2 protein chains.
Amino acid sequence: MLSRTYAVSQPEQTAVRRLGSLARLSETDLRKIADAAADARYFPGRTEIVREGAEPARPTLLLRGWVAHQRILPDGRRQIVGFTLAGELFGRSWSCQDCALTSQVALDNVVLCTAPEAEPGSGLSLAYEKERLAHRLQLIDNVTRLGRMDARERVCDLLLELLERLQRSGEAEGNTFAMPLTQECFADALGLTPVHLNRTLQACRRSGDLSWRSGRVTLHDPAALARNLGRKRNRLQRDTG
Amino acid sequence: MLSRTYAVSQPEQTAVRRLGSLARLSETDLRKIADAAADARYFPGRTEIVREGAEPARPTLLLRGWVAHQRILPDGRRQIVGFTLAGELFGRSWSCQDCALTSQVALDNVVLCTAPEAEPGSGLSLAYEKERLAHRLQLIDNVTRLGRMDARERVCDLLLELLERLQRSGEAEGNTFAMPLTQECFADALGLTPVHLNRTLQACRRSGDLSWRSGRVTLHDPAALARNLGRKRNRLQRDTG
DNA sequence: CGATCGATTGAAGGCTCTCAACCGTTGTGG
DNA sequence: CCACAACGGTTGAGAGCCTTCAATCGATCG
């Protein structure tokens with residue numbers, strides 16, 4: 001039976017699935033998340049949520065939508081350093097000098113709330129720690145991608161990462177997921193031009209690796225792709241016990 | 001007057017300068033570092049200190065030399081994800097699933113020791129926190145470098161980063177520092193081939209940006225380079241107070 | 001002196017970029 | 001209802017950055 005409090009809508013549903021896949025959450029943890037989610041903020045697509053170097057980046061829970069973390073070079077070139085997907089945590093507060101290292105931009109309609117404080121030793125605290133590990137892993141993967149992969153490999157590798165993350169938070173249907181990114185954004189994340197990304201996507205479609213139509217992406221054989229790219233799966237196990 | 005214990009040699013000297021530039025260290029902190037440094041381990045160049053995914057990566061203080069953090073793709077391509085320089089901390093232990101995300105390789109003769117535990121709230125604890133912030137910043141800079149800069153910009157940007165870090169720990173003389181990296185290593189960090197890196201370096205020398213002879217690098221106008229590349233300086237202030 | 005390693009050079013090719021135009025959809029206003 | 005603008009996706013041609021493959025050179029070392 002559903003608790004009456006959460007019966008109408010559960011904006012924190014995705015976050016609970018995601019964090020719950022990283023650690024066992026207690027009733028207290030779940031209540032904290034629900035309370036935090038009750039005080040949500042909304043941002044339309046293309047809004048700058050936090051500007052690089054300006055404000056402190058408070059720990060934030062993304063309830064719905066995608067956020068990009070980006071840098072702009074003096075001449076206007078843009079590099080998207082990483083993404084935060086619905087259910088994930090971003091904006092770690094450092095005990096010192098906590099100003100954002102990147103600008104944070106809403107990619108579609110976004111709902112977020114302040115991340116609740118976690119009791120030391122709680123499941124929530126462990127989940128936060130794993131979120132930070134995951135974030136670091138994504139940065140390292142991104143460096144490898146940009147430094148040593150060609151366009152086709154970059155496309156497949158990033159889509160694989162996105163699929164794995166969305167599967168964990170229950171936002172994928174099999175090997176298919178909703179892709180809110182424009183090709184221009186995707187290109188800025190991969191260090192490519194939109195034109196070349198477009199041609200690369202066509203090559204991937206022709207070779208049967210993926211399909212990308214009307215905002216939905218399907219990877220036809222993720223396991224084979226991961227093998228070819230040297231991607232290790234399941235690097236974020238939930239602690240047993 | 002020098003303490004008798006440390007009169008002969010001070011292997012922890014560089015680490016103390018580096019950490020002391022990040023936070024005010026107490027006498028207790030200094031003693032802990034010296035004690036840890038007394039139990040040092042040595043690795044010759046090209047030794048693999050930790051293999052990716054294998055052992056846990058314990059927090060380690062690098063007393064002398066340089067360490068590279070790298071990934072190897074299935075077909076043998078190598079990407080150096082980042083460096084640790086003498087005096088710096090590496091190998092954060094995660095409260096969960098603490099296996100190394102990258103392989104760690106000694107680039108020259110390396111001396112390291114287990115990082116001492118920091119009392120909560122101590123200067124050393126703050127310095128560790130700042131080290132982690134610095135490490136994250138370097139990863140983000142690296143993504144931007146590889147994604148959106150051409151070869152000449154990558155070379156200058158990375159050399160600038162190295163110069164700033166070495167200046168902080170007192171390992172640079174003005175705008176000159178000792179560069180233990182082979183061009184092949186440097187190329188693997190920049191996502192370039194050794195051949196193209198070599199030609200790019202020659203172009204940089206001809207245009208007067210830098211000189212690199214017999215293992216010593218000089219940047220002739222770091223401020224101007226940083227301005228052109230959009231590098232913000234002094235992002236790691238020591239807290240005043 | 002031969003071997004080894006890193007740095008250097010040359011030539012050719014390819015992956016990716018730039019510039020520009022065109023297409024299809026969506027939304028808006030007359 | 002249609003014209004129009006705006007936006008994202010697509011296509012073509014040409015140029016350029018970077019890679020690949022080889023060979024040479026210089027220094028160090030046994």
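By convention in this document, chain letters (A, B, ...) are assigned in the order of the sequence lines, proteins followed by strands, and residues within each chain are numbered from 1. All values reported here derive from a predicted model rather than from experimental measurement.
If you take CZ of B:Arg213 and P of C:dT8, they are 12 Å apart, rounded to a whole angstrom. A:Glu153 has its CD atom 14 Å from the C1' atom of C:dT16, to the nearest Å. Residue A:Leu190 contributes atom CG, which lies 11 Å from atom P of C:dT16 at whole-angstrom precision.
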Indicate for each nucleotide in nucleotides 7-21 of chain D, in 5' to 3' sequence, whether protein heavy atoms under 4.0 Å reach the base (B), only the sugar-phosphate (S), or nothing (-).
-SSBBBB----BBBB
One pair to check against salt bridge (charged side-chain N to carboxylate O under 4.0 Å, His left out): B:Glu131 and B:Arg92. What are the steps and the verdict?
CA-CA 10 Å; B:Glu131 278 285 7; B:Arg92 159 146 203 201; over 6 Å; no
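Looking at residues two or more places apart in sequence or on another chain, you find a salt bridge (charged side-chain N to carboxylate O under 4.0 Å, His left out) between A:Arg17 and A:Glu171.
Distance check, rounded to the nearest 0.5 Å: CZ of A:Phe177 to CD of A:Glu164 gives 10.5 Å. Rounding to the nearest 0.5 angstrom, the gap separating the OH atom in A:Tyr42 from the CG atom in A:Leu63 is 8.5 Å.
Annotation: side chain of A:Cys113 is not in contact with side chain of A:Glu12 (no heavy-atom distance under 4.5 Å).
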